[in-house]
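Predicted, not measured: the structure shown is a model, and the values here were computed from it. Letters go in sequence order (proteins before strands), and every chain restarts at 1.
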Amino acid sequence: MTRTRWISLLGRYGVVVALLLLVLFGWLRYDYFLGFFNISSVLRYNSMFALVALGMCFVIMTGGIDLSVGSTAALGSVVAALFSPQGVWIGLGAGVGAGLCVGLVNAALVTRLKIMPFIATLATMLAASGTALLLADNQSVSVSYDSGFTSIGQDNSFGFPIPAWIALAAYIAGWIILNFTSTGRGVLAVGGNEDATRMMGLPVGRIKFLVYFASGGLAGLAGVILASQFGAGQPIEGVGWELFAIAAVVVGGTLLTGGVGSVGATLAGVLLLGILFNVLNFENGKGWISLSAYWQSVIRGLFLLIVVVLQAKLAARGNAAVRDH
Amino acid sequence: MDTDILLSMTGIDKRFAGIPALSAASFTVARGEVHALIGQNGAGKSTLIKVLTGYHRRDAGEVTFDGKPFEVASPQQAQANGISTIYQEINLVPYRSLTENICLGREKRRFGLLDWASMHREAENLLQRFNIRADVRRPLMEFNTATQQMVAIARAIGFSAKLVIMDEPTSSLDEREVGVLFNVIRQLKQDGVSVVFVSHKLDELYAVCDRVTIMRDGRTIRTARMDAIEKIELVSSMLGRSIEKTEGHATAFTARDEKNIGKVLLSADNLAVGQIVQDVSFTIRSGEIAGFAGLLGAGRTETARLVFGIDRLKAGAMTYGDKTFEPRRPSDAIAAGMGFCTEDRKSEGIVPDMSVAENMMLALMPKLAKSGVIDEKAQQEIVKRFIKQLGIKCSGPDQKVRELSGGNQQKVLLGRWLAMNPRLLILDEPTRGIDVGAKGEIQSLIKSLADQGLAVLMISSELEEVIEGADRVFVLRDGISVAEFGRAAATEDALMGAMAHGNAPAVAEALV
């Protein structure tokens, strides 16, 4: 039993183990890998993905999917940039608000009109992207440097980048909601067996509504950070973010069919994919090999596959052993 | 007792697409009463329950509960108003912990956040009432079905229901667990909670219920005190037969010539798997139609599944054509020359959007394919032959099966197995849901197949079908084969007696 326990634990927390191994590898191999500058830039950049992945994690736990997060972040960045002259908070609010609007549409399509999440969010993905391009007039919208808007993405607080603090706060909130509120448990119940959850008397519609709404808001927030960090609203950014987010969530052991998932493991998944990218950059910097961005994608894809397959194998062995006892 | 009515439903009508599922059904439950609700498949029990719990909206009729008119739009509302239901297919979330499955929907909070410690404690306490000690933090799917069932009941009780509806709660429990459940039911009764108990196991009804309501064809046939009604009366009311003989021929089955029947092809001894099949023995000879009769849940389909290798035997043995037969999977049974037309055509049989030809060829595909490529010509020939032979009414081999009538769909399925040239064909409810004319055709088809030497195992809930169709009838009761009748001895009374009491001699007494 103890051995099977270990196997099933390894299956569950495999992503954390992989993350630690990767960090160890980087630390041993590259001089400045754990240097302040590198850590801070990895965190700053990946905090956007972390926010998007958090929303995605909740959506996937209900058994749904949100393909619109990348476009929504792009839209959020444009809207935030447009409002940035009015001040930090207004820019921030506008960006998040734009994201919430997309989230609201997704939520309504999925819960009221009963449209399949894949289709509904595919439609809003296109619509949000188009809206971002329209608002930005097909170019990047530079933000106001006078209002202090750029401090959200570029400044540090207590030694760490502000975006990292924002992401951390969001993950702590997400963890508490998932584990210590009835809505959070409802998210997992809906994903595990929607009919049963309805029979149990839980507000299935409201739960699903909330996850899409929140996912939109988080994508909008990521967009705000994007605009602030790079000094411009980016209507064509965000392409492929949804896939990165799905990858991070899945690497974190969350089932795509819903019902099982973890906020912490999702964060580990984001960091794993982000740091892998970082490691490949360092490797390029060593000058031994030169990997184009395309090769990096291939390698990331392979790595993702290996982690997921290993986890599935380990989890299956763990489960089989548990059943036999 | 009758003066204190908890639930009263009167004149309930419910139609689905114009077809009545309930017509003027009525149902009354007293406070602190355990009330059995019984009936055959399609009698309207489930619909009645679903109307009560707000799953379906009734078309007409009145419901009063706890002295007030009762209008709910959803199971949630019913639950909030004191009616908890435990469904037959366990409606819980397998990935989540026992605690969550018991407490979801009425969580305990401290400082606005979930109080896991006290929720775990409550779950443990509730389960302890059933003598179950389990780690309530583990996911539900790691526990056996009986525990899952108890979790469902613990959940219902946790909601402090006034009425608990149990839809076949014992179907997955063993004797000891059934005993525990009965204790819980008696405890509920003492606490003044009413229980509606749906079951097909007549002994259980007598063990725990106060009254019984019998439904048939969407109507309430009879309500009686358990101690004032004989088992045989329960069975005959359910099946809609008077105990006196009915004369005449109701099916297209005609007398068979004994010389068509050969030697024993399949013999099954003391088959068992879980609770639902405990001890079933029977034999089938080639060219013989063997019938399985029994109430719902008697284990007929489950026995057929064992023969066909869908489920694995826990005990018992089979011989098939002189050799030991141990099918591990359906393909073993198919290779041995068996076919199985399932009861549930829609979900287990036909592929609605595929053509008649494709559906017919599914099982034969591996044989027809030459190194992976299907021999189109051979396929077309076989399909055309069977369309003709079985009289399938379709525009051609390429018509989608979805567009055919139930009877013709059934014939396509028959064709699928006949194309394999089987020696034994298992037919589970071959004429259910088929209109009268097509029914007759299927029945004559079965007979002529047997005349050609095919052994047929026919499961049917229609008494006339087994009586007139089968050369021998095996009666199953609560997972045990309790009686065997030859053609002459298989009368309605004899079969009903065996279904009710479990052995043939008892029938005579019951009929005196």
Nearest atoms (heavy-atom pairs only) where B/Trp116 meets A/Asn179: NE1-O, 2.6 Å
Straight-line distance of B/Leu114 CG to A/Ile177 CD1, nearest 0.5 Å: 11.5 Å
Atom CZ of B/Phe16 with >12 non-hydrogen neighbours under 6.0 angstrom: yes
Atom OH of B/Tyr55: over 12 foreign heavy atoms under 6.0 Å: no
Within 6.0 Å of CZ in B/Arg402, more than 12 heavy atoms from elsewhere: yes
Within 6.0 angstrom of A/Phe160 CZ, more than 12 heavy atoms from elsewhere: no
Heavy-atom pair of closest approach, residues B/Val93 and A/Asn193: CG1-N, 4.0 Å
B/Gln187 atom CD: more than 12 heavy-atom contacts under 6.0 Å: yes
Donor-acceptor contact present, side-chain A/Arg185 to main-chain B/Gly105, <3.5 Å: no
Part of B/Asn101 lying under 4.5 Å from any heavy atom of chain A: both
Over all atoms of both residues, closest heavy-atom pair of A/Val260 and B/Arg96: CA-NH1, 4.0 Å
A/Gly192 to B/Pro94 - nearest heavy-atom pair and separation: O-CD, 4.3 Å
Polar side chain donor-acceptor pair, B/Arg109 to A/Ser182, under 3.5 angstrom: yes
